[in-house]
Amino acid sequence: MANVVVIGAQWGDEGKGKVTDLLSRSADVVVRYQGGVNAGHTVVVKGQTFKLHLIPSGILYPDTKCIIGSGTVIDPAVLIEELDQIEALGISTKNLLISETAHVTMPYHRLIDKASEERRGNQKIGTTGRGIGPTYADKSERTGIRVLDLIEKEALQQQLNWTINYKNVILEKLYNLPPLDPTVVIEQYQAYAERLRPHVVDSSLKIYEAIEEKRNILFEGAQGTLLDLDHGTYPYVTSSNPVAGGACVGAGVGPTMIDRVIGVAKAYTTRVGEGPFPTELEGTLGELLCARGAEFGTTTGRRRRCGWFDSVIGRYAVRINGIDCLAITKLDVLDTLEEIKVCLAYEIDGERCDHFPSSSRKFSRCLPIYKTLPGWQQSTSECRTLEDLPSQALDYLKFLAELMAVPIALVSLGASREQTIIVEDPIHGPKRALLDSNHVPLIS
C-alpha cells in the first residue's frame with residue numbers, strides 16, 4: 001500500500017495528467033485535492049484525447065474510485081458537461097465521488113473575476129476568468145456556497161437570495177454590470193444539484209476508509225509549485241495550494257498518511273499568463289518549443305511561454321514539496337536541438353543567487369546563469385528504455401537529476417501512455433536514498 005502525491009514542479013502544465021493516468025493503473029483511489037476548472041489535464045489513450053478539468057484522470061480506469069476533494073472549487077455546469085462527454089465515450093462515471101464540503105463556483109464569481117481582471121489594466125495577473133479566485137475569496141470570507149448547500153433546496157434558496165442581492169451591489173455599482181436574477185440562478189443550480197446528488201459524499205471519510213483498507217491512493221494536484229498561493233511567484237499565482245502539503249488539507253487527511261511525493265517537470269520550462277520568467281525564450285527558438293510541445297492551454301487555449309529548464313525553481317520545488325522522485329516529461333520536444341541550455345543559478349544586481357527569491361520584483365531582475373549541453377538531434381519518441389536513448393539525452397537526464405538531487409523514476413516522450421520510460425514504479429518502488437554510495441544522483 002502507498003499513498004502518493006503527484007505535484008507540478010514548475011508553473012503547471014508539466015504533464016501531470018498523463019503521469020496521473022499512468023500511475024492510476026496501480027491506484028485504487030485517485031483524489032483531486034485543489035483548484036477548479038482553471039486547471040486542465042490532457043490524456044491520450046489509444047489515439048483518443050481526453051481533456052479533463054475537474055474529474056481526476058483515474059476515471060479512465062473502470063475500477064478506480066475518483067474523488068473531487070473538499071479543497072477544490074466546483075463549477076457544476078462544467079462538471080456536468082465533463083460527465084456527459086466522458087459518458088458519451090462509453091466510460092462509466094459511477095465511481096466519481098464529490099466532496100460535500102467543496103465550494104461551488106457561481107455566476108457572480110465568473111462575472112467579478114473577468115471584470116476585476118479588466119480593471120487591473122497593466123497590473124493583470126493572467127487569471128483564466130473562470131471565477132476561481134472569487135470562489136476561494138468567498139470561502140475565506142465564509143460566505144461561500146458548498147456542495148452540501150447546493151443539494152439542500154431550502155438552504156440554497158435562503159443563502160442565495162441574500163448572497164446574490166449582495167453581489168448585485170458589487171456588479172452594478174463597482175463594475176457597471178447588470179444584476180443577476182436570484183430566481184433564475186436558484187432554479188438553474190437546483191437542476192445541477194439533482195444531477196450531481198448521487199455522487200456527493202463525505203470525501204474525507206471515504207479516503208480514510210480506503211487508507212484503513214490498505215488501498216493505494218493517488219493525490220492529484222492542479223497547477224504547479226510556482227503558482228502556489230503561499231509559495232509561488234505572488235501575486236502571479238493561483239488561489240489555492242498546489243504544493244504537496246495542500247493534499248492533506250484539500251483531501252482531509254493527516255500528513256503521516258502520505259508515503260511519497262512525485263514531482264512532475266518538463267525537460268524545459270513553460271509558463272502561462274503574466275509574471276517573471278528568467279529563462280523565457282523569445283523569437284524562433286521559443287516558437288519552436290511551443291510548436292513542437294503543442295504549448296497551448298487545455299483550459300483557455302492560451303499560448304504558453306517557453307524557456308530553458310530552470311534548476312533553481314526545480315530545487316525550490318524539491319524543498320517545498322519534499323519530492324522523492326521526478327517524472328520528466330516532453331523530453332522528445334528537444335530532439336531537434338543542436339545544443340540545450342540549463343539554468344544553474346541567477347545573477348541579481350551583479351550577485352550570484354542560487355535560491356528562488358520570494359519577491360516577484362526581485363525575481364523579475366534575475367538573469368539566468370546557464371550551462372550548455374550538446375543536443376542529440378535524433379528522435380526519442382520510440383524509446384522505451386534508458387538504453388534506447390541517445391547518449392546525450394541520457395546525459396541530459398543525469399544532469400537534471402544531479403541538479404535536483406532526486407532520482408528520475410519516469411520519462412515521458414510523447415502524449416500517449418505507451419511513449420513512456422518507467423525507470424522505477426513510483427508507487428511500489430522502494431523509497432531509496434537520493435544519492436548512491438559514491439554520492440552520484442541516481443536516475444533509477
Side-chain angles (χ1 to χ4, degrees), residues 7-14 122-123 125-126 223-238 241-246 261 263-283 285-286 289 304-326 328-329 334 337 339-373 395-408 434-435 439-441:
I7 60 94
Q10 295 163 322
W11 274 286
D13 307 310
E14 299 96 345
N122 293 332
Q123 302 298 316
I125 294 172
Q223 288 93 32
T225 300
L226 275 296
L227 291 179
D228 187 90
L229 180 61
D230 292 295
H231 304 290
T233 50
Y234 191 90
Y236 305 102
V237 293
T238 193
N241 295 109
V243 294
V261 179
V264 185
K266 280 177 182 165
Y268 50 103
T269 310
T270 63
R271 177 169 198 172
V272 69
E274 308 299 323
F277 184 0
T279 66
E280 182 173 11
L281 292 167
E282 297 180 353
L285 196 48
L289 292 180
R304 297 177 188 139
R305 300 151 64 190
C306 298
W308 296 120
F309 188 90
D310 188 333
S311 70
V312 180
I313 66 171
R315 292 191 298 272
Y316 177 72
V318 170
R319 170 164 64 89
I320 290 295
N321 294 288
I323 292 172
D324 297 300
C325 62
L326 289 168
I328 299 294
T329 63
L334 306 179
L337 301 182
E339 60 180 30
I340 300 166
K341 293 184 179 182
V342 176
C343 176
L344 306 180
Y346 303 138
E347 181 185 305
I348 306 177
D349 302 331
E351 295 185 5
R352 182 184 173 105
C353 177
D354 292 293
H355 304 287
F356 170 71
S358 299
S359 166
S360 284
R361 290 183 294 275
K362 191 173 183 180
F363 192 45
S364 67
R365 301 199 304 275
C366 286
L367 300 175
I369 298 172
Y370 286 122
K371 179 178 176 63
T372 302
L373 287 81
D395 288 343
Y396 181 69
L397 291 174
K398 288 179 179 178
F399 188 61
L400 297 188
E402 180 180 356
L403 289 173
M404 304 276 274
V406 287
I408 295 172
L434 302 183
L435 303 175
H439 303 290
V440 178

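Residues take their numbers from the sequence shown, with the count starting at 1.
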Residues at least two apart in sequence or cross-chain that pass side-chain contact (heavy atoms from CB on, under 4.5 Å) with R361, listed by chain then number, are S359
Tightest non-hydrogen contact, residues Y396 and I340, listed as CE1-CG2, 3.6 Å
If only side-chain N and O atoms count, and only distance matters, is there a donor-acceptor pair under 3.5 Å linking T225 with N321? yes
* Please walk me through it: do T270 and Q10 pass side-chain contact (heavy atoms from CB on, under 4.5 Å)? -> CA-CA 8 Å; T270 63; Q10 295 163 322; 5.8 Å; no
Note to self: Given 3.5 Å as the limit, does a donor-acceptor pair link the side chain of Y316 with the main chain of H231, or not?
What the structure shows: yes
Exercise for review: Find out whether V264 and T329 are in side-chain contact, i.e. whether some heavy atom of one side chain is under 4.5 Å from a heavy atom of the other.
Suggested key: yes
Residues passing the side-chain contact (heavy atoms from CB on, under 4.5 Å) test with V237, sequence neighbours excluded, are L229, T233, Y234
Q) L373 and V342: side-chain contact (heavy atoms from CB on, under 4.5 Å), yes or no, with the steps? A) CA-CA 8 Å; L373 287 81; V342 176; 4.1 Å; yes
Residues pairing under salt bridge (Lys or Arg N to Asp or Glu O under 4.0 Å) where one sits in residues 363-373, two or more places apart or in two chains, turn out to be D349-R365
L400 and F309 have their tightest heavy-atom pair at CD2-CD2, 3.7 Å
d(L337 CG, L289 CG) to nearest 0.5 Å is 6.0 Å
So salt bridge (Lys or Arg N to Asp or Glu O under 4.0 Å) across residues 265-279, not counting sequence neighbours, yields K266-E295
Q. Would a distance-only check, ignoring hydrogens and angles, find a side-chain to backbone donor-acceptor pair under 3.5 Å from S311 to C343?
A. yes
* **Heavy-atom side-chain proximity of P276 to C366 below 4.5 angstrom** => no
Notebook entry, point to check: Between the side chain of E14 and the main-chain N/O of T269, is any donor-acceptor distance below 3.5 Å?
Noted result: no
Exactly one of T238, V243, I313 clears side chain to side chain contact (heavy atoms under 4.5 Å, CB included) with L226, and that residue is I313
Residues passing the side-chain contact (heavy atoms from CB on, under 4.5 Å) test with E351, sequence neighbours excluded, are none
Salt bridge (charged side-chain N to carboxylate O under 4.0 Å, His left out) filter on R305, not counting sequence neighbours, yields E280
Output for pair (R315 CZ, L403 CG), nearest 0.5 Å, gives 6.5 Å
- Under 3.5 Å, side chain of D324 to main-chain N/O of V261, donor-acceptor pair present? yes
When every non-hydrogen atom of I328 is compared with those of L397, the smallest separation belongs to CG2-CD2, 4.0 Å
dist W308:CH2 -> L281:CG (nearest 0.5 Å) comes out at 5.5 Å
When every non-hydrogen atom of A9 is compared with those of A317, the smallest separation belongs to O-CB, 3.5 Å
inquiry  = Are the side chains of I369 and R352 in contact, using a 4.5 Å heavy-atom criterion?
reply    = yes
Discussion item. Ring-plane angle category for W11 and F363, please: parallel below 30°, perpendicular beyond 60°, tilted otherwise.
Written reply: tilted
Might you work through the side-chain hydrogen bond (donor to acceptor under 3.5 Å, both in side chains) test for D310 and Y346, ending with a clear yes or no? CA-CA 10 Å; D310 188 333; Y346 303 138; 2.6 Å; yes
On a heavy-atom basis, the closest approach of P278 and Y370 is O-OH, 4.3 Å
The reported gap from CG in D354 to CG in L344 (rounded to nearest 0.5 angstrom) is 9.0 Å
Scanning both residues in full, the closest heavy-atom pair of Y236 with S360 reads CD1-OG, 4.4 Å
